[in-house]
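Each remark here refers to the structure printed beneath this line.
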Amino acid sequence: QVQLVESGGGWVQAGGSLRLSCAASAFIFSEYGMGWFRQAPGKERELVAGITRNEITYYADSVKGRFIISRDNAKNTVALQMNSLKPEDTAVYYCAARRGWVSPERGQYDYWGQGTQVTVSS
């Protein structure tokens, strides 16, 4: 059974850092593009960072220069280092997998994790 399990969410003050991790199982991780999405209350789920199987990265403008996505194909994990966090980063963060390239379209992802809450206080 395919699983994506996120961890590392929590509460942090503005300016702080958090590191999210996503552990994948039961699919050929190295063949998939991986994305981190987030969804704030009342808003659409949006792609904040993605990394292709060849480790080409993509970042939304809102997080560029603050977030870093990385992957470890040997451990089947993808991480999101979040620095200089802002209250507007508060959301549920989801890990997602898509065979092939990273896409900003949530409907094009094959697998999703359950999500992890990130709360940034001002």
Please answer whether the main-chain N or O of [Y] pairs with a side-chain N or O of [X] as donor and acceptor at a distance below 3.5 Å.
X: E6; Y: G115; value: yes
X: T90; Y: V120; value: yes
X: R106; Y: Y109; value: no
X: R71; Y: T52; value: yes

Do [X] and [Y] come close enough that some side-chain heavy atom pair is under 4.5 Å?
X: C95; Y: W112; answer: no
X: Q13; Y: L85; answer: no
X: V12; Y: M82; answer: no
X: V118; Y: L20; answer: yes

Are [X] and [Y] grouped together when hydrophobic residues (ILVMFWY) are joined by side-chain heavy atoms under 4.5 angstrom apart?
X: I69; Y: Y111; answer: yes
X: V102; Y: W36; answer: no
X: V5; Y: Y93; answer: no
X: M34; Y: V63; answer: yes

Holding to salt bridge (Lys or Arg N to Asp or Glu O under 4.0 Å), I want the full list of residues that pass it with E46, two or more places apart in sequence or in another chain.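 Scan of E46 (salt bridge (Lys or Arg N to Asp or Glu O under 4.0 Å), adjacent residues dropped) gives R38.
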
Is it true that atom [atom1] of [X] has more than 12 heavy atoms of other residues, nucleotides or ligands lying nearer than 6.0 Å?
X: I28; atom1: CD1; answer: no
X: E44; atom1: CD; answer: no
X: K64; atom1: NZ; answer: yes
X: Q117; atom1: CD; answer: yes

Where do [X] and [Y] come nearest, in terms of heavy atoms and distance?
X: L4; Y: A96; result: CD1-CA, 3.9 Å
X: A79; Y: R19; result: CB-NH2, 3.5 Å
X: A40; Y: A91; result: N-CB, 3.8 Å
X: Q81; Y: S17; result: NE2-CB, 3.9 Å
X: S122; Y: P87; result: CB-CG, 3.8 Å

Using 0.5 Å steps for rounding, measure from the [atom1] atom of [X] to the [atom2] atom of [Y].
X: S30; Y: N54; atom1: OG; atom2: CG; answer: 10.0 Å
X: T116; Y: L80; atom1: OG1; atom2: CG; answer: 11.0 Å
X: Q3; Y: C22; atom1: CD; atom2: SG; answer: 10.5 Å
X: I51; Y: I68; atom1: CD1; atom2: CD1; answer: 11.0 Å

Candidates R53, R98, R99 - the one meeting salt bridge (Lys or Arg N to Asp or Glu O under 4.0 Å) with E31: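 Answer to the salt bridge (Lys or Arg N to Asp or Glu O under 4.0 Å) test with E31 among R53, R98, R99: R99.
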
Between Q108 and S103, is any side-chain donor less than 3.5 angstrom from a side-chain acceptor?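 Yes, a side-chain donor-acceptor pair sits under 3.5 Å.
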
Please collect all ring pair (Phe, Tyr, Trp, His ring centres under 6.0 Å) contacts where either partner lies in residues 48-89, sequence neighbours excluded, each pair once.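 Applying ring pair (Phe, Tyr, Trp, His ring centres under 6.0 Å) to every pair that reaches into residues 48-89, excluding sequence neighbours, yields nothing.
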
In terms of relative ring orientation, are F27 and Y32 parallel, tilted or perpendicular, with 30° and 60° separating the classes?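 The rings of F27 and Y32 stand perpendicular, inter-plane angle above 60°.
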
